[in-house]
Amino acid sequence: MLRVALLLIIVGLLSVSGWLQRLDWLIYDGIVGRQSFPVDSDIVLVAIDDDSLRAIGKWPWTRELHAELIDRLSQVGSNVVALDLLLEPDLDHPEADKRLKSAIFTHGNVVLPVAPAQNAAGGGFFLIRPFSSLQRHVTLGHVDIELDRDGVMRRTYLYAGIDVPAFPALGLVLADKGNPVNRVYHLDRVPEEERVIEETGKIWARSREIMIPFAGPPGTYPRISYARLMQDDSLLDDLRGKIIIVGMAATGLQQNFLTPVSLTQHNYMSGIEWHANVADTLRNGRSIYPAPDMVTVVVGVVWVLAVLFFVHSLPGKYSGVILVMLSVASIALVAVVLSVFHIWFPPGAALVGMSAIYPLRNWQRINEYIQQQFTTGTYLQAVFDSVQEAVITVDVKGQVLYLNQESERILGAGSAQLIGKPLDQLLGVSLVDNEDANVDDSVSPKSSPDSRLQQCILTLPCGNQRTLRVKHRMLYDRWHSPAGAVVTLLDISDALGLEQRIVHQANYDVLTVLPNRNFLLSRVDGLVAARKQETILIACLVSIDHFSKINDAFGYYAGDILLKMIADRLLKLVSGDDLIARWSGDEFMLVVSRPAQGNQELKFARKVQETMGRRFEINGQEVFISASIGIRVSFQAGQVVEDNEVFLDKAVSAMQHVKRQGGNGFQFYSSGQMNAWTREQLELERDFRLAIESQDRALHVLFQPIIDVRQKRVVHNEVLVRWDHPERGLLSPADFIPLAERVGLVEQLGDLVLSVACRTAADLAKVGQIIDISVNVASRQLLHPDFAQKVADVLERAALPAARLMLEITENAVISDLPRAAEALVRLKALGVTIALDDFGTGYSSLSLLRELPLDILKIDKSFIQGIEHSHYADEKFDFAIARAIIALGENLDLGVIAEGVETEKQMEYLQRHHCYLQQGYYFSRPVSTTRLMQYMGQFNASRFSEVS
């Protein structure tokens with residue numbers, strides 16, 4: 001009797017606690033979702049849908065458009081019109097509000113919504129309602145939506161308001177006005193018993209809850225497009241005497257809700273369809289009323305008590321079946337009450353109480369069985385603990401049932417952590433298959449399906465690895481079906497000896513536990529031999545771009561973590577007999593076999609690149625990396641064209657090609673072409689080093705005059721360098737400067753050019769030809785700590801005044817380390833040299849450089865000058881607008897301005913007309929030698945500009 005009383009108390013508490021709401025809702029949705037009702041033909045939806053937005057224009061629309069709609073509906077004498085739109089005052093268009101007010105007054109039967117909104121500061125509500133001049137001519141209905149905790153809309157409150165439920169629901173207003181003969185509710189006042197509410201101004205008061213049985217899924221009610229109704233007069237006659245609900249149905253603008261009739265299809269219901277269902281339900285008397293909590297408690301307790309006495313009077317062996325049948329009957333009874341009497345009793349608590357009757361009645365038998373199982377388990381555990389070997393029993397699924405203390409010691413965890421886990425998971429992924437097991441034939445029994453001996457490598461939670469010999473023996477029940485197994489573990493780590501560990505370390509990377517380069521090379525032959533027909537062999541080398549930045553930013557420990565994470569990701573891309581190895585510090589080699597169709601090699605390359613491009617997280621810090629990926633593909637089955645090591649080296653060559661292109665990409669090795677390119681670059685590098693050593697014998701310094709077109713004289717000469725290659729002829733800087741930067745010779749080249757230029761200028765001065773020179777400075781050259789001293793030494797050796805030297809720097813040369821660049825330029829300015837900013841306008845932060853750097857001259861990039869005569873007028877205007885802006889900027893900042901790339905008379909005159917007098921380009925002269933420069937300066941005529949070729 002005590003257990004019965006406790007059960008009834010629990011049923012009562014569950015009825016009011018809400019813990020079983022999801023079960024109750026599941027049953028309710030199943031009942032309501034299977035009901036169907038005829039659709040009220042008097043209800044019509046006018047949808048502001050996507051077609052209307054395309055036809056009329058983007059939302060919001062003018063109030064005059066709504067007024068025109070109401071006027072059209074007034075012509076046919078429609079019963080009632082509801083605008084499910086929140087119409088607040090439009091201060092910018094007061095005439096439109098007046099027009100809407102007039103239309104509503106003329107119609108005389110319009111319903112508008114009110115909705116609650118919470119104050120921004122919280123702690124109170126206010127009403128969003130139509131502007132006051134409209135409220136005298138309309139009926140207001142609240143549109144508050146009640147969602148259950150699972151996000152499904154099942155219920156509504158007929159009255160709601162702030163402090164007092166003063167406003168009827170919009171659907172209630174429509175039902176009442178749409179049926180004037182038999183009024184559903186009297187809407188003129190709120191019942192007196194519902195007015196006694198504390199007026200705090202902080203609550204949204206609601207009353208008269210009902211649940212809605214839906215007429216059908218979304219799309220059940222007839223719908224007319226707003227735009228079509230405005231254009232098609234033939235539709236108006238069909239709306240005579242109808243209840244018309246106008247509201248949003250356009251994608252992204254409507255409010256959508258899940259309902260019991262749309263859960264399985266996830267088909268959301270719009271707000272206007274919800275109001276249509278409420279009005280339909282009230283007009284046709286289908287409202288469902290939830291039973292009060294106390295009634296639900298009493299009914300649930302009485303029902304469980306009745307079932308309990310009924311089952312108690314039956315034989316015990318039938319009680320389980322009877323309880324199942326009574327549970328189904330209970331749900332059926334709830335469905336009947338809901339359908340016939342329109343009352344909803346949540347049955348969840350009663351069903352739970354009924355399910356507890358069976359164990360309640362068979363309490364003693366269950367208790368005896370549990371005690372017997374506990375005793376048996378205790379005996380088994382004692383036996384296991386007395387054995388000196390690790391003993392584990394598993395079920396037919398391989399999940400651990402029992403284990404002794406020695407098992408806990410070997411596996412490095414307690415029984416609470418291990419019981420219920422699969423045995424394979426406990427022993428780790430390195431468990432050796434039977435055919436690969438190192439079996440000791442002297443100990444192993446003959447091959448038997450009931451017993452087998454194998455060994456595996458176990459990784460403990462602390463990270464240590466132990467080698468175990470595993471003996472597995474099957475167990476069977478009395479019907480000779482497998483019932484589990486007994487597994488014994490013997491730790492043989494020490495017996496294997498030091499030699500095996502040394503061999504392992506020689507073939508596997510310590511950090512990532514991946515095979516190393518030697519192991520990979522030894523296994524490639526086997527992978528080639530095992531290749532099937534119609535397959536390709538792909539060697540893919542993955543090299544991390546700029547890996548040192550991770551070590552610099554986070555430390556070497558973080559770099560090691562990142563390498564492990566990369567190894568784990570790449571390991572997921574291989575399968576079967578595929579190979580993966582750590583090739584070197586930040587490089588990984590994958591050798592995989594794929595079907596020879598469908599561009600598998602391209603798909604694999606993209607998959608590797610996508611894998612490396614995903615976000616990494618190291619110690620809570622997001623890290624993104626890129627990789628240079630080189631790929632070599634063999635399409636011949638059974639063998640590769642070249643030696644296996646050469647095959648892999650070609651993947652390395654392809655990766656290096658990607659590195660030279662800036663990284664973050666992949667490249668397939670192309671037979672012959674890539675090796676030829678590599679040899680060509682090596683030869684070019686060798687020749688360039690020889691040219692540097694021979695100095696001015698191979699590298700020719702040329703001069704291009706900079707003209708003052710106003711004074712008609714040469715004011716500067718930019719120093720340019722050409723390389724006289726013994727086989728390729730005269731090479732421009734574009735052919736060898738990138739090579740110099742890549743191999744680290746650009747600094748030596750710059751120093752050489754500076755020295756030769758200053759010495760040449762000093763020599764010309766001795767014979768009466770005084771020229772000023774302009775020398776380009778590379779980024780590495782500028783940022784060298786001793787560069788200013790080098791310049792001073794060169795000027796001193798050449799006996800050239802510092803004022804005759806102008807150094808040209810580019811924005812890209814200083815932006816990488818602006819503080820160091822600014823410091824270097826300050827030291828150069830102290831020497832007395834002129835500083836020019838070359839290619840101005842093409843870098844990243846031109847304007848900020850003007851403030852940070854001690855500059856004297858801006859050089860307009862030739863791309864803005866050449867655009868002056870562009871074939872497209874808009875481009876010409878745009879380019880020269882930039883040039884004019886730079887000229888004006890120079891004038892305002894008291895900086896000189898030099899225009900580069902002047903090639904035509906029109907460009908020269910155009911620049912001169914806009915006060916750019918320092919010009920340079922092929923129109924005046926190409927780069928020339930010292931001798932030709934002297935001839936040019938001697939032939940220079942103030943009346944015309946002639947080019948010395």
Side-chain angles (χ1 to χ4, degrees), residues 703-720 772-777 803 805-815 821-822 825 829 833-927 940 942 944-945 947:
F703 298 87
Q704 186 175 33
I706 300 174
I707 311 299
D708 186 333
V709 297
R710 180 171 54 178
Q711 299 180 8
K712 308 299 189 295
R713 66 184 184 90
V714 178
V715 294
H716 269 284
N717 291 276
E718 181 175 358
V719 178
L720 302 172
D772 293 344
I773 57 173
S774 173
V775 180
N776 289 282
V777 178
L805 174 63
M806 179 167 68
L807 298 179
E808 296 187 16
I809 62 171
T810 63
E811 298 176 17
N812 294 333
V814 299
I815 197 65
L825 292 178
K829 283 289 292 182
V833 302
T834 304
I835 306 298
L837 186 59
D838 198 9
D839 300 336
F840 182 73
T842 62
Y844 297 100
S845 55
S846 303
L847 297 180
S848 64
L849 295 181
L850 301 182
R851 180 182 60 192
E852 301 292 339
L853 304 178
L855 302 175
D856 300 299
I857 292 178
L858 303 178
K859 296 193 73 174
I860 306 175
D861 187 71
K862 63 182 180 181
S863 62
F864 302 123
I865 306 303
Q866 293 171 352
I868 292 175
E869 293 183 313
H870 198 279
S871 58
H872 194 281
Y873 174 75
D875 292 341
E876 175 181 334
K877 183 178 179 181
F878 175 80
D879 286 336
F880 197 66
I882 296 177
R884 282 189 299 173
I886 297 174
I887 295 169
L889 185 62
E891 290 180 348
N892 292 332
L893 297 179
D894 197 21
L895 298 175
V897 178
I898 299 176
E900 295 182 296
V902 179
E903 298 181 354
T904 66
E905 183 177 2
K906 178 181 178 181
Q907 293 172 350
M908 183 272 293
E909 294 175 348
Y910 213 174
L911 289 164
Q912 183 179 7
R913 192 161 54 248
H914 288 84
H915 310 292
C916 181
Y917 304 113
L918 300 182
Q919 301 181 18
Q920 169 188 2
Y922 286 178
Y923 176 70
F924 305 104
S925 174
R926 293 177 178 273
F940 192 78
R944 59 183 296 271
F945 299 111
E947 176 181 338

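What you see below is based on every heavy atom in this structure, not just the backbone, and it leaves out hydrogens, waters and symmetry mates.
Here CD1 of Ile857 is found 7.5 Å from CD1 of Ile706. Values are rounded to the nearest 0.5 Å. Within the model, atoms CD1 of Ile707 and OG of Ser925 stand 7.5 Å from one another, a figure rounded to the nearest 0.5 Å. Atom CG of Leu895 sits about 6.5 Å away from atom CG of Leu855, to the nearest 0.5 Å. Thr834 OG1 to Lys829 NZ: the interatomic distance, rounded to the nearest 0.5 Å, is 6.5 Å. The distance from atom OG of Ser774 to atom CD of Gln920, rounded to the nearest 0.5 Å, is 7.5 Å. For the atom pair Leu858 CG and Leu918 CG, the distance stands at 11.5 Å (nearest 0.5 Å).
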**Q.** Check against side chain to side chain contact (heavy atoms under 4.5 Å, CB included), Gln704 and Phe924
**A.** CA-CA 9 Å; Gln704 186 175 33; Phe924 305 104; over 6 Å; no
Q: With side chain to side chain contact (heavy atoms under 4.5 Å, CB included) as the test, would you mind laying out the steps for Glu808 and Ile898 before giving the verdict?
A: CA-CA 11 Å; Glu808 296 187 16; Ile898 299 176; 5.9 Å; no
(Q) For a side chain to side chain contact (heavy atoms under 4.5 Å, CB included) check, start with the C-alpha distance between Gln912 and Tyr917, then their side-chain angles and the critical distance, and finish with the verdict. (A) CA-CA 5 Å; Gln912 183 179 7; Tyr917 304 113; 4.1 Å; yes
(Q) Checking Val719 against Asn776 for the side chain to side chain contact (heavy atoms under 4.5 Å, CB included) test, could you report, in this order, the C-alpha distance in whole Å, the side-chain angles of both residues, the deciding distance, and whether it holds? (A) CA-CA 7 Å; Val719 178; Asn776 289 282; over 6 Å; no
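Each of Thr810, Ile882, Leu889 was evaluated against Phe840; a single residue qualifies, Leu889, per the side chain to side chain contact (heavy atoms under 4.5 Å, CB included) test. When each of Tyr922, Tyr923, Tyr910 is paired with Val902, the side chain to side chain contact (heavy atoms under 4.5 Å, CB included) condition holds for Tyr923 and for no other.
A donor-acceptor contact shorter than 3.5 Å links the side chain of Gln919 to the backbone of Met908. Panel note: side chain Gln907, backbone Glu903; a donor-acceptor pair is recorded below 3.5 Å.
The closest side-chain heavy-atom distance from Ile860 to Ile887 is below 4.5 Å. Annotation: side chain of Leu853 is not in contact with side chain of Ile835 (no heavy-atom distance under 4.5 Å). Proximity of Glu900 to Asp838: side-chain heavy atoms (C-beta onward) are separated by under 4.5 Å at one or more points.
Heavy atoms only, all atoms of each residue included: Val897 and Gly890 are closest at CG2-CA, 3.9 Å. Between Ala883 and Ile865, the shortest heavy-atom contact is CB-CD1, 4.4 Å. Contact record, Pro705 with Val714: CB-CG1, 4.0 Å, taken as the closest heavy-atom pair. The minimum heavy-atom distance linking Val709 with Cys916 is given by the pair CG2-O, 4.3 Å.
No more than 12 heavy atoms of other residues, nucleotides or ligands shown are found within 6.0 angstrom of NZ on Lys862.
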